[in-house]
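Each remark here refers to the structure printed beneath this line.
Below, chain A is the first sequence line, B the second, and so on; all start at residue 1.
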Amino acid sequence: VPAAPPAPLGCDDPESEAAAEVAVGYINSHSHYGYKFALNRIENIRVIPQGLNNDVIFLELDLLETTCHILSPTPLENCTVRTFTDHAVEGDCDVKLQKVDGKFSVLASKCHSHADSSEDIIQLCPDCPLLANLNNTEVVTAVTAALSDYNSKTPDAYLKLLEIGRAKIQHHPAHIVFAEFAVAATNCSAQEAKDNAEACQLLPDDQSNFGFCKATQVISPSQELEVNCQLYGHQPGVTYSPPGTS
Amino acid sequence: PVAKRAVAEAAQHNKVPHPVGFVPPPPPCPGKVRHFKI
């Protein structure tokens with residue numbers, strides 16, 4: 001009598017969760033911009049047996065953006081998922097894995113990310129700042145000013161902008177731009193960069209050469225700028241706030 | 001069709017009711033939401 005086929009895997013079964021963990025690790029390790037994503041829900045799982053101890057698994061995953069930049073050495077389990085009111089970003093991923101002798105490996109993945117609708121945020125939090133386009137003029141201006149301010153007051157390696165990770169603009173009760181951006185160290189000191197910043201070259205890829213900054217620029221009613229940068233790797237964490245700012 | 005409908009109805013009538021306190025198993029998918037649903 002042939003054995004009954006095994007019951008289909010449920011999305012919350014330990015094996016499904018193990019496969020999802022491998023998939024999320026793969027997705028984060030193969031992403032080179034933006035933020036690390038954490039698992040929010042396994043939407044679906046299909047197992048196609050290929051033979052003895054050999055399965056192909058198709059996973060549909062719902063992920064949420066964390067506060068850890070993809071270059072951050074912080075392990076995913078220590079990264080905080082952004083809150084709904086922080087204008088969350090969701091990732092929908094289809095992942096194909098193979099499980100051979102109990103070991104998972106990812107064969108392919110495809111992800112799309114999208115921010116929650118502004119209307120939903122406003123409904124819950126009318127005064128919350130909303131995500132802005134990364135090429136928004138106010139955002140670019142705030143990031144440029146913040147990095148310039150940081151470099152002018154830090155004697156260490158001159159930092160160049162790698163990418164703007166996310167930005168939000170608040171209009172009421174004050175006009176404020178919040179921006180987060182990744183930076184990389186160059187071969188110039190801050191003093192050398194004053195003469196010819198264009199000649200400064202990024203150092204070879206090494207985690208210790210990257211950093212992540214958060215800037216807040218108040219545009220009105222007052223004009224203030226605050227920037228905090230954390231450099232990754234073996235360099236000690238550096239937190240910087242220009243004196244005289246909020 | 002007449003015979004099939006009769007069989008289906010009979011099956012419904014003969015269905016054993018769940019005992020008191022029975023909690024049906026959750027649907028296999030989608031899984032639980034770990035943080036929040038957008």
Salt bridge (charged side-chain N to carboxylate O under 4.0 Å, His left out) partners of B:Arg34, counting only residues at least two apart:
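Scan of B:Arg34 (salt bridge (charged side-chain N to carboxylate O under 4.0 Å, His left out), adjacent residues dropped) gives A:Glu17.
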
For A:His114, what residues pass the side chain to side chain donor-acceptor pair (under 3.5 Å) criterion, not counting sequence neighbours?
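With sequence neighbours excluded, A:His114 shows a side chain to side chain donor-acceptor pair (under 3.5 Å) to A:Glu90, given in chain and number order.
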
Side chain from CB out, backbone as N, CA, C, O: work out which of these in [X] comes under 4.5 Å of a heavy atom of chain B, or both, or neither.
| X | value |
| --- | --- |
| A:Thr83 | backbone |
| A:Asp13 | neither |
| A:Arg46 | neither |

Give a yes-or-no answer on whether the side chains of A:Glu138 and A:His175 include a donor-acceptor pair shorter than 3.5 Å.
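Judged by distance alone, the side chains do pair up.
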
Distance-only side-chain donor-acceptor flag, A:Glu226 / A:Asn228, under 3.5 Å:
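Looking only at side-chain atoms, A:Asn228 and A:Glu226 do form a donor-acceptor pair, the distance falling under 3.5 Å.
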
As an exercise: rank A:Asp116, A:Asn44, A:Leu64 by heavy-atom pairs under 4.5 Å with chain B and give me the winner.
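That would be A:Leu64.
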
Chain B interface, residue from A:Ile45, A:Asn40, A:Leu39, A:Ile42 that has the most non-hydrogen pairs under 4.5 Å
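Heavy-atom pair counts peak at A:Asn40.
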
What heavy-atom pair brings A:Ala142 and A:Val177 nearest, and what distance separates the two atoms?
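It is CB-CG1, 3.8 Å.
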
